[in-house]
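Okay, structure first, notes after.
From a predicted model like this one, the values you see are computed outputs, not experimental measurements.
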Amino acid sequence: MTERKLGRGVAIVGAGMSRFGTFPGRASRDLFVEAFQAMRESVDKGLDPRDIQIMYLGNYSSDLFEGQGHTAPLMADWVGLTPVPALRVEDACASGGVALRQGILAVASGLYDIVLVGGVEKMSDLPTERVTDTLATAGDVLYEIPAGFTFPGFYAAMATAYMDRYGATPESLMAVGRKNHENGALNPKAQFSLTIADIMAKKIAGAEKRGRPVPTWRDEMEFLHDHQANPIISWPLRLFDCSPITDGAAAVLLVAADLARQFTDAPIHIIGSGQASDVALHDRPDPTVIRAAERASHQAYEMAGIKPTDVKLAEVHDCFTIAEILASEDLGFFERGQGYIAAEEGLTRRNGPRPINTSGGLKAKGHPVGASGVAQAVEIWHQLRGEAGARQVSGTPDLALSHNVGGTGQTCVVHIYERR
Amino acid sequence: MSPHSFTHAEYLAHLQNHVLAASRCQNCGELYLPPRPLCRRCFAQDMRWEELSGRGELVAFTVVHIVPSAMLEAGYDQDRPYVSGLVRLEEGPTISALITGVDAHHPETIRVGSQVRVVFPRGDQDPGPAPLVFEVVSES
């Protein structure tokens, strides 16, 4: 395909998210109001919400999680946006990233100048097995799910194929989880603002308080090998290889680039966007490659006129630890079969040469499915503007990438962001 | 053949008769499992059913401990896990299936590359929630 460009420039001039976690008694609308207000506060020169012309909402399944369909107008109402158009975008866990892309296309088309992109998911009202069932509907319910596959199961199967081919081990995967918890510990909005060592200390203190036998883990790796503390979800993936069940929302404000200075002197420009679809996991020639991610990132790199090595930091879709390793290869950061070695060697840590998931990623920040793709853009907004606080990457990077996957890779959407 | 054929329901009916059936495009020769009515390679809608050997190779697997509702009802749980996998048939297509003939409590003994063959429930057996099952017959 020939190189494609946006019809006109698009910039982010505001971005914010709710706290991520599990919040009994708070519905989607309440989380969305929190994210919307955080976004408003981030607009340096102020935003009159009446200037917003359309809203795109990433949401996977309010129908099944909350028994609520037709979510977009409801969210629009709760933040005072009616009667502007409001629509929901659903591509499983990529719903947020795809909503962002639709917002970008709306501005680039010239039809709208000021666009709100939101993402929201309220997952924690259901018991775990029903959350598992709801997520499984993102797979093929005729041919994949009746084989017993769950979402952890799909990614675990990718992991066994990858481990068999390249010699990675469950410990390689644990390196990703440890790193993302280190980053999440510095993110006050994360579901787990805790390192794994912090979690261990908390469990020890809890056992002492209740007079229960006190665990004696020597270090994080011993904890991660403890079947009680870190049970197998779907072998080889354990609890700390899996993103949690999360409630949360995120919002970004997109405007035509030539209007950006009305809102801020430090806009973040969208310079690349790509999206692709793919067949079911069993139908792909190689379960260790997410082809949609290769294609989406290729489109985005072409549009931006950059190479993978130019990217200073990336927020990637680590729904499971293996997914971050595969992403780091699909996006061209590392050669095939090298992603796990890079993770083990710490190359993707916050202070490493290739920081990935400074927010804590889906693993530690949390994964409210439809909000995750939008929340990735929120982290990049903070990092590129030098506003990421304790987790700020040194030297204030100027070029970043987000990678948001739906299902097992039937959808992938990639964006590239620049501070000029 | 009716243009409305090659459905999931027909595929299941074949399985109940102990036939693992794929659809082959009569225009370009592409073979599909799962079967489908429209060829995604040449866009012809001219399929024919074809019985597969049921022999293949395990290309990926997992041992599922946190199980979905349907498998919970079938008696599986955290302490009674099961194995799901991707099986590449010797005719070419790859399919998702339940995998038996392995020790789910010792996943390190399960090998990618193992040879598998389709197994059908006996007439008096409850087929359970997973209609397609392969058994490991030899390690790689």
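The environment of His8(B) atom NE2 is dense: over 12 non-hydrogen atoms of other residues, nucleotides or ligands sit within 6.0 angstrom.
Side-chain contact check for Leu126(A) versus Thr134(A): some heavy-atom pair is nearer than 4.5 Å. Counting heavy atoms from C-beta outward, Val67(B) and Tyr82(B) have side chains that approach closer than 4.5 Å. Between Arg336(A) and Tyr166(A) the shortest side-chain heavy-atom distance falls below 4.5 Å.
Between chain A and the residues Gly85(B), Ala70(B), Ala97(B), Ser69(B), the most heavy-atom pairs under 4.5 angstrom are made by Ser69(B). In terms of heavy-atom pairs under 4.5 Å with chain B, the best-connected choice from Thr150(A), Leu281(A), Leu142(A) is Leu142(A). The residue among Ala161(A), Pro285(A), Gly148(A) with the most heavy atom pairs within less than 4.5 Å of chain B is Gly148(A). The greatest number of non-hydrogen atom pairs below 4.5 Å with chain B, out of Pro231(A), Ala157(A), Ala156(A), Gly153(A), is found for Ala157(A). Between chain A and the options Ile99(B), Leu86(B), Leu33(B), Thr94(B), the largest number of non-hydrogen pairs under 4.5 Å is found for Thr94(B). For the set Leu58(B), Thr62(B), Val59(B), the count of heavy-atom pairs under 4.5 angstrom toward chain A peaks at Thr62(B). Listed options Thr132(A), Asp164(A), Ile233(A), Asp140(A) were ranked by heavy-atom pairs under 4.5 angstrom with chain B; first place goes to Ile233(A). When Ala147(A), Pro236(A), Pro287(A) are compared by the number of non-hydrogen pairs under 4.5 Å with chain B, Ala147(A) comes out ahead. Top candidate by heavy-atom pairs under 4.5 Å with chain A, chosen from Met71(B), Arg88(B), Arg40(B), is Arg40(B).
Using a 4.5 Å cut-off between heavy atoms, Leu98(B) contacts chain A through both its backbone and its side chain. With a threshold of 4.5 angstrom between heavy atoms, Val279(A) approaches chain B through side-chain atoms but not through N, CA, C or O. No part of Pro93(B) comes within reach of chain A, as not one of its non-hydrogen atoms sits under 4.5 angstrom from that chain. Within the 4.5 angstrom heavy-atom criterion, only backbone atoms of Arg284(A) (N, CA, C, O) approach chain B. In this structure, chain A has no heavy atom under 4.5 Å from any part of Tyr76(B).
With Gln78(B) contributing its side chain and Ile66(B) its backbone, the two residues share no donor-acceptor pair below 3.5 Å.
By the 30° and 60° cut-offs, the orientation of the rings of Trp235(A) relative to Phe61(B) is parallel.
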Between Tyr155(A) and Ser234(A), is the side-chain contact (heavy atoms from CB on, under 4.5 Å) condition met? List the steps. CA-CA 9 Å; Tyr155(A) 280 88; Ser234(A) 194; over 6 Å; no

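Annotation for Lys122(A) and Phe65(A): closest pair O-CB, 3.2 Å, computed over non-hydrogen atoms.
By the 4.0 Å N-to-carboxylate-O rule, Asp330(A) lies too far from Arg291(A) to be salt-bridged with it.
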